[in-house]
Amino acid sequence: MMLQAEDVFRPGAFPEYTYISRKSAVSDLSYEFRLNQAIKVAGFLTSLVGPSKMGKTILCEKVIGFEKIVEISGADFSDDTDFWKLVAVKAGLSYEGQFTSEKQLMESSDKYTKKETFSLTKDKIIEYYKKENLVLVIDDFHYAPKEKRMQIAQQLKDAIRRGFKAIVVSLPHRADEAIRQNADLSGRLSLINMDSWKVEDLKEIAKKGFSKLNIKIADEIAEQIAVESLSSPQLMQYICLNICSILEMNENKEKSVGQEILKTAYHYTTANFEYGDVVLLMKKGPSTRGKSRNTFQLKNGQLCDLYELIVKSIAENPPIMQLTFEDVKERIYSLISDESKKPTPQAIKESLTKLQELLHIREDIFKVLDWKDDILYILDPLFLFYLRWGGSLK
């Protein structure tokens, strides 16, 4: 069977032909081996921490099997969500309901029906998971309300003692105290920290995939794509898939990836990324209540306020997911033409704080950055890629 590009490069599904196994830097063991060992240990909860869009879910699917995973997002929880009801429903169980029984009276043709309600107990849900060998994966655990995270940790502590298997997935700088710093779970945790993907590993996705499709790609071209993929295998898959689409549209007889189509592929990749409103909100910043903001003249002649400058600085070369305050400040200063008129470090820090507050009260797609301990974390590589190659800043 002749493979199609969409069979090989799969940004939204398990990549059967381009799956790359990586080793943990601290142990020199593969992440697959470590996760497989972790979920075998009875009475232990697995904490899997790694940057966004880095393949944590794909790793779980590889090790556990898609059909054995029950996935819940931290965003599924509100303060009043019943944890076990949600765990049951996600596994396809009816948590509550009614059933009707019908009986015939002795020596009579009369019948009577009786309606009864039922509600599954926690014990029955745990037994079902064990019987079916299911593993609960709570992704983006940090999105659950803080108090709820503590409640979930307590429920999991009790459940894992009974053989219930669960994996809690979080971002690195938000590896929650509810799990990793919870005294009740001390000694009952299997800790796996996933490192960001290296350029060499991302290159393998392109080289392996294009080889399957009989398309040539030079090592330096694969490296350029890997750098722009911002250590995200999902983004790497997406760009490679769009390169294939462009080659097909161009009816390229050479069947090779050239330098000239990369920028087109990058722009094409952003077409389905819904970050336009996020960028507009960031550039607009919080309400000024009628006051005008200071503006700064850029080297390209544009006038920008500080919030617009922050957005532009994030998009500058080289693409980095984690910027120190000095990085941000120097990027902003390098954009401004007038040396005598630059925002103060304090003004930049205050604007970053306000920007985070503005974004974090909105829907999940707006939670694209964290400003914490003088470090600006870009949480979503797809967002940064959009900033660099989408239409908003062009």
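Reckoned from all heavy atoms, side chains included, excluding hydrogens, waters and symmetry mates.
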Are [X] and [Y] within salt-bridge range, i.e. N to O under 4.0 Å?
{"X": "Lys367", "Y": "Asp364", "value": "yes"}
{"X": "Arg388", "Y": "Glu228", "value": "yes"}
{"X": "Asp76", "Y": "Lys90", "value": "yes"}
{"X": "Asp139", "Y": "Lys56", "value": "no"}
{"X": "Lys207", "Y": "Asp219", "value": "yes"}
{"X": "Asp305", "Y": "Lys283", "value": "no"}
{"X": "Lys354", "Y": "Glu357", "value": "no"}
{"X": "Asp158", "Y": "Lys122", "value": "yes"}
{"X": "Lys124", "Y": "Glu127", "value": "no"}

Next on the checklist: Taking the side chain as everything from C-beta on, heavy atoms only, tell me whether Ile310 gets closer than 4.5 Å to Ile332.
Outcome noted: yes
Item to check | Validation row: His142, Leu171 side chains within 4.5 angstrom (heavy atoms) | outcome: yes
Would you check if the side chain of [X] reaches a backbone N or O of [Y] as a donor-acceptor pair within less than 3.5 Å?
{"X": "His360", "Y": "Leu369", "result": "yes"}
{"X": "Asn36", "Y": "Phe33", "result": "no"}
{"X": "Lys299", "Y": "Ser334", "result": "yes"}
{"X": "Thr81", "Y": "Phe83", "result": "no"}

Is it the case that over 12 heavy atoms from other parts of the model lie below 6.0 angstrom from the [atom1] atom of [X]?
{"X": "Lys131", "atom1": "NZ", "result": "no"}
{"X": "Lys130", "atom1": "NZ", "result": "yes"}
{"X": "Asn133", "atom1": "CG", "result": "yes"}
{"X": "Arg293", "atom1": "CZ", "result": "yes"}
{"X": "Tyr268", "atom1": "OH", "result": "no"}
{"X": "Asn317", "atom1": "CG", "result": "yes"}
{"X": "Glu147", "atom1": "CD", "result": "no"}
{"X": "Lys263", "atom1": "NZ", "result": "no"}

Checklist entry - CG/Leu48 to CG/Leu59 distance, rounded to the nearest 0.5 angstrom? => result 6.0 Å
Checklist entry - Distance from Asp370 atom CG to Tyr377 atom OH, nearest 0.5 Å? => result 8.5 Å
Checklist entry - How are the rings of Tyr19 and Phe14 set relative to one another: parallel (under 30°), tilted (30 to 60°) or perpendicular (over 60°)? => result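 Taking Phe14 first and then Tyr19, their aromatic rings lie parallel (interplane angle under 30°).
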Checklist entry - Taking the six-membered ring for Trp, are Tyr266 and Trp389 parallel (under 30°), tilted (30 to 60°) or perpendicular (over 60°)? => result tilted
Quick one: is the NZ or CZ of [X] closer than 6.0 Å to the six-membered ring centre of [Y], and within 45° of its axis?
{"X": "Lys212", "Y": "Tyr17", "value": "no"}
{"X": "Lys342", "Y": "Phe296", "value": "no"}
{"X": "Lys216", "Y": "Phe210", "value": "no"}

Item to check | Passing option when Thr18 is tested against Lys208, Glu204, Arg10, Gln237 for side chain to side chain donor-acceptor pair (under 3.5 Å) | outcome: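 When side chain to side chain donor-acceptor pair (under 3.5 Å) is applied between Thr18 and each of Lys208, Glu204, Arg10, Gln237, only Gln237 qualifies.
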Next on the checklist: Apply salt bridge (charged side-chain N to carboxylate O under 4.0 Å, His left out) to residues Glu223 and Lys203 and explain how you reach the verdict.
Outcome noted: CA-CA 6 Å; Glu223 181 157 338; Lys203 277 167 60 177; 3.5 Å; yes
Item to check | Asp374/Lys349 under salt bridge (charged side-chain N to carboxylate O under 4.0 Å, His left out): CA gap, chis, key distance, verdict | outcome: CA-CA 8 Å; Asp374 273 5; Lys349 288 184 178 183; 3.3 Å; yes
Checklist entry - Between Lys255 and Leu247, is a side-chain contact (heavy atoms from CB on, under 4.5 Å) present by the stated rule, with each step listed? => result CA-CA 7 Å; Lys255 294 286 274 184; Leu247 289 175; over 6 Å; no
Next on the checklist: One pair to check against side-chain contact (heavy atoms from CB on, under 4.5 Å): Leu382 and Tyr275. What are the steps and the verdict?
Outcome noted: CA-CA 9 Å; Leu382 303 189; Tyr275 297 105; 3.5 Å; yes
Next on the checklist: Test side-chain contact (heavy atoms from CB on, under 4.5 Å) on Ser351 and Tyr307; report intermediate values, then the result.
Outcome noted: CA-CA 7 Å; Ser351 295; Tyr307 289 99; 3.9 Å; yes
Checklist entry - Between Phe273 and Tyr386, is the ring centre distance below 6.0 Å? => result no
Checklist entry - ring-ring contact (aromatic ring centres under 6.0 Å, His included) between Trp84 and Phe164: does it pass, once the steps are laid out? => result CA-CA 12 Å; Trp84 287 108; Phe164 185 78; 5.5 Å; yes
